Amino acid sequence: MKLRTLLFAGAVMVGMATTAQAQIWCNIQWPTPGNTVAGNGDLTVYSQIWLQDCTPGCGDLVGELYYRAEGETAFTGITMAYNTAAGNNDEYSGIIPQAALAGNTVDLYVRYIQFSTGDEFYANDGYNDDNPAVYYIEHAGTTVDFQYFVCVDTHCIDVDAAGIGVTGTFNGWADILPLCETTTDLWCGCIEIPAGTTPPSFSFKFRNGTEWENSIGDRTYTIATGQTCATGDYLWDDWDCVVASVDETPLEYTLSQNYPNPFNPSTTINFTLAETASVELTVFDLMGRKVATLAQGLTEAGDHSIEFNAENLSSGIYIYTLNAGDVQMSRRMVLVK
């Protein structure tokens, strides 16, 4: 194994050259190691690096992608191209040719070299020629056309209507699936996957204008053989707040996000009353139809917990509303069966 510098996020570099020490972070950004990727074409791998006093826009770095097809003993190395400045990082991309994806797996790792010092940097995720990352290759495509309905709850952020959308491996990370506002602050759209698409699993994330969603990470969905549509809608909400504004809702009254969410078939809803009040806790579908009443009547002040069993309901997005005296609060939840 070659002499190298293995680095961890925030760690101080121990370089091979006698230059000033620097801090560094770098990793394989996408596809995530361990994921399933398509074997019916070339595979583009993205990696990001942050080097103290160098990035972003550092012309003193070169990225190298090393890959090894299943059954091979030696790695093939290629020079990665500078892709873009990703926040404070520099992003590089390299292409693994389809010929290397003929087996069930492909090994890979990324190395960076700084021209001015000759230092080598390996990703802080620990992958190298002795311990490579791996992708699993999918050769069988989907057997039928497929549609997947996704929704994003944006009631706690400013929405750039011109750029809101979902992006993912189903159409390339650079492309955006436009979302439309179906109800107030609830933006929805449909991912369409044609028959023959590989792999049958795909990843996606939310984009608002030029801002990427980062708090949860990429979501992955796998299409079952012969499946024609998703078992239910998918909704995510990264922002923990109630629908009602603070001005409209006394701080002593709270309606918490149900947990777990998404759920199947049961979930728990917690709420707090500032004083004893006549309470009604109800659940509605997106058409505004009441599907359940979870609590009704005079309820004492304090904390309360209600379990909601949706065994008899179909998968989808539901809204639960708490009416307590003059106070009304609502949240959204998703049932996935």
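No experiment lies behind these values; they were computed from the predicted model shown. Just so you know, residue 1 is the first one in the sequence shown, and it goes up from there. Hydrogens, waters and symmetry mates play no part in the numbers below; they use all other heavy atoms, side chains included.
Remark: Y136 pairs with no residue by the ring-ring contact (aromatic ring centres under 6.0 Å, His included) rule, at least two apart or across chains. For Y92, the ring-ring contact (aromatic ring centres under 6.0 Å, His included) criterion is met by Y82, Y112, not counting sequence neighbours. Residues satisfying the ring-ring contact (aromatic ring centres under 6.0 Å, His included) criterion with Y67, sequence neighbours excluded, are absent altogether.
Ring centroid separation for the pair Y253 and F271 does not come in under the 6.0 Å cut-off.
Although no hydrogens or angles enter the test, the distance criterion places no donor-acceptor pair under 3.5 Å between the side chain of Y46 and the main chain of E91. N258 places no side-chain N or O within 3.5 Å of a backbone atom of I269 that could act as its donor or acceptor partner.
Checking each of I49, N128, L65 against V110 for a side-chain contact (heavy atoms from CB on, under 4.5 Å) leaves exactly one that passes, namely L65.
The distance from atom CG of L322 to atom OG of S330, rounded to the nearest 0.5 Å, is 8.5 Å.
Side chains of N323 and E280: no donor on one and acceptor on the other come within 3.5 Å. Under the 3.5 Å distance criterion, with hydrogens and angles disregarded, a donor-acceptor pair is assigned to the side chains of R111 and Y66.
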Determine, stepwise, if the pair V283 / M333 fulfils side-chain contact (heavy atoms from CB on, under 4.5 Å). CA-CA 10 Å; V283 180; M333 58 184 170; 3.7 Å; yes

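Using cut-offs of 30° and 60° on the angle between ring planes, the pair Y109 and F75 is perpendicular.
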